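Everything on this sheet refers to the single structure shown next.
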Amino acid sequence: MQHNDALQIIRPDDWHLHVRSGEMLKSVIGMTAAQMGRAIIMPNLSPPVSNAAQAKQYHQEIMNALPADTRFTPLMVLYLTDNTTPKQIQTAFDGGLVVAAKLYPAGATTNSDSGVTDINNIYPSLEKMQQLGVPLLVHGEVTDAKVDIFDREAVFIEQILSKVIEDLPDLKIVFEHITTKAAVDFVLSSGNNIAATITPHHLLANRNDMLVGGIKPHYFCLPILKRRDPHQLALLKAATSGNAKFFLGTDSAPHAKEHKESDCGCAGILNAHCAIELYATVFDSQNAMDKLEGFASFFGADFYNLPRNTDTIVLKKQDWVVPSSYAFADSTIVPFMAGKILNWKMA
Ligand code: DOR
Ligand code: ZN
């Protein structure tokens, strides 16, 4: 079904999602479960999800928090630390719940203090992952204080990622939430074992949205929003190109309102409340609605060697106003596009 005002697609999956734990988890998990078949669950809790037992426990907590009538499947991820061993990798993947491992350079973002201080420390684990065919998920930013925050992704490609793919040519890598033309070009010029996710906010916004006319903390995320030209434009082109190397990953990352509107505000944007509508808006703006289903529902599953979903969702062209806030644990949260009109709605 494809009229100009309605589109039916295979149910999408979210290949990069933060749902937190406890009451925060209960506040947001239903948003994703209403839209997505599966989601890759980020392990940056405090303490991090860094072994099979923790992944199993977190998986159970998510299952318990799900609304009764959903068939949503959380896909678990192991948080790599300097002390992760190849044996821990093997055990986690043998358990069946864990489908990938995540590299947070130490200090790069929220709850990354236990992350990796030197890529060489995880080489034995990366070799094991290459052998097992397990994808490495990468937060691709250097943490060197001398490197400008807007350059951290490009420098990560030069200093770290290029070396990793040279040393481990068959390792599957998802370069997560890419934000620059450099990242798009890097993915395009690499083999088919290198893919990337792209968020709705990096497609719909640029640093002007965050900084012109007053600082807008609800646009603050990491990697930080970049320039429209060439970066946002390169992401738009990549996402809507139909190239299977690029797929949906929202990086929806909820923080309470008071932790965003603060003298040291947290990085992260909640977009799970209207993730597929945001992507539909993007693809429509590029006259590429025919490319949405591949990006949202096929390419990620194919990359992870998981079956595509078989049920469908329907998107309708229909104006609606995004709520200005949602309840979030014992606080509230200001979602992406709060108070704005979107013109696609999931039926
Ligand atoms: O903006 C972000 N928020 N980027 C990340 O890498 C982490 C995330 C979070 O967990 O809040
Ligand atoms: Zn993230």
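Order of appearance sets the numbers: ligands from 1, and atoms from 1 within every ligand. The model shown is predicted, which means the values in this text are computed figures rather than measured ones.
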Can you measure from [atom1] ([X]) to [atom2] ([Y]) and round to the nearest 0.5 angstrom?
X	Y	atom1	atom2	answer
Ser252	His16	OG	NE2	9.5 Å
Leu7	Met289	CG	CE	5.0 Å
Glu176	Glu141	CD	CD	12.0 Å

- Got the closest protein heavy atom to atom 7 (C) of ligand 1, with its distance? Thr109 OG1, 3.2 Å
Please say whether [X] places an N or O atom under 3.5 Å from an N or O atom belonging to ligand 1.
X	result
Ala253	no
Ala267	yes
Leu222	yes
Tyr104	no

- Message: At a cut-off of 2.8 Å, what protein N/O/S atoms sit near the Zn ion (ligand 2)?
- Response: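 Atoms qualifying: His16 NE2, His18 NE2, Asp251 OD1.
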- Message: Please determine whether a side-chain nitrogen of the Lys or Arg among Lys317 and Asp5 lies less than 4.0 Å from a carboxylate oxygen of the Asp or Glu.
- Response: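 No salt bridge links Lys317 with Asp5.
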- Would you confirm whether the ring centroid of Tyr304 sits within less than 6.0 angstrom of the ring centroid of Trp15?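 Under 6.0 Å, so yes.
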- Query: Under 6.0 Å between ring centres, would you say that holds for His177 and His139?
  - Reply: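 Yes, the ring of His177 comes within the 6.0 Å limit of the ring of His139, centre to centre.
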- Message: What I want to check is whether the side chains of Gln90 and Lys128 have a donor and an acceptor closer together than 3.5 Å.
- Response: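 Judged by distance alone, the side chains do pair up.
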- Answer yes if the side chains of Asn44 and Tyr79 hold a donor-acceptor pair under 3.5 Å, and no otherwise. no
- Is it possible for you to say whether Met31 and Leu75 belong to one hydrophobic cluster, with membership spreading through side-chain heavy-atom contacts below 4.5 Å?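 Unlinked, Met31 and Leu75 end up in two clusters.
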Under 4.0 Å from any heavy atom of [X], which atoms of ligand 1 are there?
X	value
Cys221	1 (O)
Asn44	9 (C), 10 (O)
His139	6 (O)

- Item | ligand 1 contact on Arg20 by region, counting heavy-atom pairs under 4.0 Å |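 The part of Arg20 near ligand 1 is the side chain, not the backbone.
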- Message: Looking at ligand 1, is there an atom of it that comes within less than 4.0 Å of some heavy atom belonging to His255?
- Response: yes
- Task: Consider ligand 1: state whether an atom of it lies below 4.0 angstrom from any non-hydrogen atom of His16.
- Result: no
- Task: Check whether any side-chain N or O of Ser190 sits under 3.5 Å from a backbone N or O of Phe186 as a donor-acceptor pair, and report yes or no.
- Result: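 Pair found, side chain donor or acceptor close to backbone of Phe186.
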- Message: Tell me if a side-chain donor or acceptor on Thr32 pairs with a main-chain N or O of Ile29 at a distance below 3.5 Å.
- Response: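 No, because the side chain of Thr32 does not come within donor-acceptor range (under 3.5 Å) of the backbone of Ile29.
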